[in-house]
Colleague: 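My structure is below; once you've seen it, I'll send some questions.
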Amino acid sequence: MIKAVRGTRDLLPPETALWNFVEAAARDVFRAYNFQEIRTPIFEETQLFARSVGEETDIVSKEMYTWEDRGRAQSDKGQSLTLRPENTAGVVRAYIEHKLWERGLSKLFYIGPQFRRERPQKGRYRQFYQIGAEAIGPATAGSESPARDAEVLELLATFLDRLGINDWNLELNSVGCPKDREGYNEALRKALEPVVGKMCADCQRRAVTNPLRVFDCKVPEDQPIIETLPRIGQFLDEGCRQHFEQVQDILKAVGVPFVLNDRLVRGLDYYTRTAFEFTHGALGAQNAILGGGRYDGLSESLGGPSAPGIGFAIGEDRLVLALKESAEAVMRKPDVYVAPLGAGMNREAARIARELRRHDVVVEMGDETFRLKKSFETASKMSAKFALIVGENEVKAGAFALKNLETGEQVSVPRGELPQKLQSNRNS
RNA sequence: GUGGGAGUAGCUCAACUGGCAGAGCACCGGACUGUGGCUCCGGUUGUUGCGGGUUCGAUUCCCGUCUCCCACCCCA
């Protein structure tokens with residue numbers, strides 16, 4: 001038997017209803033904040049990710065699905081292509097390619113699959129889905145304003161509340177400008193040098209490859225040492241410090257709760273200033289449901305004009321996982337199950353069903369060979385609200401037996417009144 | 001990529017140290033020829049993940065492999 005490949009999966013009903021529910025809520029919220037949809041290709045030139053995400057990151061160095069395309073002639077070497085491991089790079093590429101800066105501030109959102117060749121785990125797949133957004137544009141259009149950061153964070157809080165996820169936690173930090181980080185990295189290395197020998201093996205490795213990661217250490221014995229290390233906050237220049245303070249001010253003004261976490265350092269190279277993460281309990285080690293931040297230099301590093309921006313990506317798989325119990329509840333149930341009864345009744349049932357569907361009634365239909373008992377069983381199994389009997393008696397009388405499957409009440413309804421009657425008594 | 005755990009019916013799970021593959025739920029049919037949920041009866045539940053080995057005999061023991069789960073790495 002051929003199965004879905006490792007790390008990929010099929011999404012089946014009723015769970016797909018939940019995905020639609022989440023995406024519809026996202027689109028609603030995006031509309032309120034005036035974000036518009038962008039769709040970029042799911043594969044791009046490999047160079048795009050190498051230059052934006054960072055050559056040295058794990059994503060680029062070992063988690064990408066990369067292949068060499070064929071050239072025009074059989075003998076030609078093709079270009080190196082890669083399935084997108086995230087969507088910010090593609091959006092910024094499109095921003096530059098289509099000169100979107102001519103339109104002022106661009107507020108764009110996307111919903112779609114991304115690909116990383118990681119070891120699968122619960123809520124972590126090789127084809128996974130992200131809902132994300134980017135606010136990017138010339139600084140003169142307000143793209144650099146702390147108001148943008150606060151707006152994006154508020155949007156996210158609104159979105160999670162809308163989904164009924166109340167126990168989220170917003171963690172906030174500023175990682176400063178590239179200059180600040182350079183100074184900080186140096187200071188961190190210096191501070192680690194004399195103490196690293198006393199730390200765990202993982203930290204010793206991190207100290208060399210990526211000192212910022214030392215803050216992720218969970219070994220209790222290392223914590224006292226980590227407490228003594230310098231923090232990025234001490235290295236922020238005046239501009240970054242003020243920017244960060246204003247973000248916090250606005251968040252307080254609009255009532256979005258947050259906690260400062262000066263250990264929060266985002267993994268991708270392009271992040272500057274504001275960095276954030278929303279976490280949610282009960283997701284195990286994979287407790288982050290979304291993350292994002294500001295990337296003021298990304299456009300330029302991809303050959304575009306100066307275009308500060310801020311964005312985020314929501315891990316839709318994990319979000320849905322957190323909502324899983326409500327899958328049944330959001331699935332649209334049939335309003336009526338039409339039960340043809342007896343030879344020749346399929347024709348009349350089809351006519352009635354067609355008319356009802358034109359009136360936006362959700363209709364499921366049986367077959368004239370089904371015994372009435374079976375039709376009723378099937379109807380109640382799928383939680384249809386009504387069952388409509390289409391038999392010879394009804395056709396003769398011009399009125400049809402309509403039974404409410406929740407109350408058991410049954411009435412005879414003239415054919416002409418059926419659409420009206422069912423329309424005003426819809427499910428959900 | 002590293003370490004550990006697990007794969008048996010559509011689902012959740014049993015099968016003492018190797019001895020005829022089971023239960024509940026779900027599904028289909030009947031009791032009930034035009035009325036569901038309750039009850040009773042009957043039925044399929046199946047390449048025990050896949051491949052090899054040991055054995056008279058393997059769901060069980062051994063090797064390989066695939067997938068899922070947990071942790072690490074990293075990240076959404």
Side-chain angles (χ1 to χ4, degrees), chain A residues 1-9 12 53-54 56-64 85-88 113-132 156 200-203 205-206 209-210 212-213 216-219 264-268 271 276-280 283-293 311-322 337 339-342 345 366 368-395 400-410:
Chain A
M1 185 177 48
I2 298 177
K3 297 188 291 186
V5 305
R6 181 175 205 196
T8 71
R9 61 193 177 136
L12 306 172
V53 175
E56 302 307 316
T57 59
D58 276 29
I59 293 178
V60 170
S61 62
K62 57 186 195 198
E63 294 173 1
M64 295 205 304
E86 54 96 44
N87 217 154
T88 299
Q114 321 289 338
F115 306 84
R116 281 181 209 172
R117 204 177 178 294
E118 295 179 286
R119 184 92 167 226
Q121 224 177 105
K122 196 184 227 20
R124 162 189 262 184
Y125 304 94
R126 291 181 166 187
Q127 173 173 337
F128 59 103
Y129 295 83
Q130 288 189 331
I131 300 173
L156 286 164
C200 68
D202 280 338
C203 281
R205 184 178 42 74
R206 289 175 181 131
T209 59
N210 193 351
L212 289 178
R213 285 279 146 220
D216 289 340
C217 180
K218 284 151 194 149
V219 178
L264 177 67
V265 286
R266 314 240 76 237
L268 310 187
Y271 282 111
F276 58 87
E277 206 166 272
F278 281 72
T279 57
H280 176 72
L283 281 180
Q286 316 298 325
N287 68 341
I289 52 178
L290 72 92
F312 61 83
I314 302 169
E316 194 176 359
D317 304 79
R318 289 186 196 171
L319 191 60
V320 167
L321 195 62
Y337 183 93
L341 187 65
M345 288 299 120
E368 61 188 30
T369 63
F370 290 177
R371 288 170 46 185
L372 199 53
K373 174 188 165 60
K374 173 172 169 163
S375 288
F376 271 82
E377 266 172 7
T378 307
S380 53
K381 207 173 293 167
M382 67 178 67
S383 302
K385 188 163 183 186
F386 290 95
L388 181 74
I389 303 174
V390 179
E392 283 182 35
N393 299 343
E394 282 76 11
V395 172
F400 295 79
L402 181 68
K403 182 167 184 176
N404 184 322
L405 293 170
E406 289 158 15
T407 64
E409 179 196 13
Q410 181 168 323

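FYI, side chains are in, hydrogens and waters are out, and symmetry mates aren't considered; it's all heavy atoms of this structure. The chains referred to below are lettered A, B, ... by the order of the sequence lines, with proteins before strands, and numbering in each begins at 1.
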Colleague: Answer yes or no: side-chain N or O of A/Arg124 and base N or O of B/rC74 forming a donor-acceptor pair under 3.5 Å.
Modeller: yes

Colleague: Can you tell me if A/Gln114 touches the phosphate of B/rA76, counting only side-chain N or O atoms and a distance under 4.0 Å to OP1 or OP2?
Modeller: no

Colleague: To the nearest 0.5 Å, what is the distance between CZ on A/Arg6 and CZ on A/Arg117?
Modeller: 8.0 Å

Colleague: Rounded off to whole Å, could you give me the CD-to-P distance for the A/Glu118 and B/rC68 pair?
Modeller: 13 Å

Colleague: Sticking with atom P, work out how far B/rG49 lies from B/rG1, rounded to a whole angstrom.
Modeller: 24 Å

Colleague: State which residues pass salt bridge (Lys or Arg N to Asp or Glu O under 4.0 Å) with A/Lys3; sequence neighbours excluded, sorted by chain then number.
Modeller: none

Colleague: How many angstroms lie between atom CD of A/Gln114 and atom CD of A/Gln127, to the nearest 0.5 angstrom?
Modeller: 9.5 Å

Colleague: Kindly indicate whether the side chain of A/Met345, heavy atoms from C-beta on, has any atom under 4.5 Å from the side chain of A/Val395.
Modeller: yes

Colleague: What is the separation between atom CG on A/Leu264 and atom P on B/rA76, rounded to the nearest whole Å?
Modeller: 10 Å

Colleague: Are there over 12 heavy-atom neighbours, none belonging to A/Glu392, within less than 6.0 Å of that residue's CD?
Modeller: no

Colleague: Distance check, C1' atoms only: B/rC69 and B/rC20, in whole angstrom units.
Modeller: 34 Å

Colleague: So, OP1 or OP2 of B/rC68: does either fall under 4.0 Å of a side-chain N or O from A/Arg6?
Modeller: yes

Colleague: Taking B/rU60 as the reference, what is the distance to B/rU17 when you measure between their C1' atoms (whole Å, please)?
Modeller: 10 Å

Colleague: Taking only the P atom of each, what is the distance from B/rG4 to B/rC25 in whole angstrom?
Modeller: 40 Å

Colleague: Within this structure, what is the CZ-to-P distance between A/Arg116 and B/rC75, rounded to whole angstrom?
Modeller: 9 Å

Colleague: Provide the distance between the two C1' atoms, one in B/rG24 and one in B/rA15, to the nearest whole Å.
Modeller: 15 Å

Colleague: Say you pick atom P in B/rC70 and the same atom in B/rG22; how far apart are they, in whole Å?
Modeller: 33 Å

Colleague: Take the protein atom CD of A/Gln127 and the nucleotide atom P of B/rA76, then report the distance between them rounded to whole Å.
Modeller: 18 Å

Colleague: Taking all atoms of both residues into account, what is the closest heavy-atom pair of A/Gly7 and A/Tyr125, and its distance?
Modeller: O-CB, 3.1 Å

Colleague: Whole Å only: how far is the CD atom of A/Glu63 from the P atom of B/rU2?
Modeller: 14 Å

Colleague: Using the C1' atom as the point on both nucleotides, what is the distance between B/rC28 and B/rU44, in whole Å?
Modeller: 8 Å

Colleague: If you look at every heavy atom in A/Ile59 and A/Met64, which pair is closest and at what distance?
Modeller: O-CG, 3.0 Å

Colleague: Taking atom C1' in both B/rU54 and B/rC61, compute the distance separating them and give it to the nearest angstrom.
Modeller: 8 Å

Colleague: Below 4.5 Å, heavy atoms only, C-beta onward: do A/Phe312 and A/Ile314 meet side chain to side chain?
Modeller: yes

Colleague: Any sub-3.5 Å donor-acceptor pair from A/Arg318's side-chain atoms to A/Ile289's backbone N or O?
Modeller: no

Colleague: If I take atom OH in residue A/Tyr125 and atom C1' in nucleotide B/rU67, what distance separates them, rounded to the nearest angstrom?
Modeller: 13 Å

Colleague: Would you sketch RNA chain B in dot-bracket for me? Only Watson-Crick or G-U wobble pairs with both distances under 3.5 Å count, crossing pairs as [ ], other-strand pairs as |, the rest as dots.
Modeller: (((((((..((((.....[..)))).(((((.......))))).....(((((..]....))))))))))))....

Colleague: Supply the atom-to-atom distance A/Thr378 OG1 to A/Phe370 CZ, rounded to the nearest 0.5 angstrom.
Modeller: 6.5 Å

Colleague: In B/S/- notation, 5' to 3', how is nucleotides 34-43 of chain B contacted by protein heavy atoms closer than 4.0 Å?
Modeller: BBBB------

Colleague: Could you tell me the separation between the NZ atom of A/Lys381 and the P atom of B/rA26, rounded to a whole number of Å?
Modeller: 10 Å

Colleague: Would you mind reading off the distance between A/Leu156 atom CG and B/rA76 atom P, rounded to a whole angstrom?
Modeller: 14 Å

Colleague: Between A/Tyr129 and A/Ala4, which is nearer to the 5' end of RNA chain B once each is assigned its nearest nucleotide?
Modeller: A/Ala4

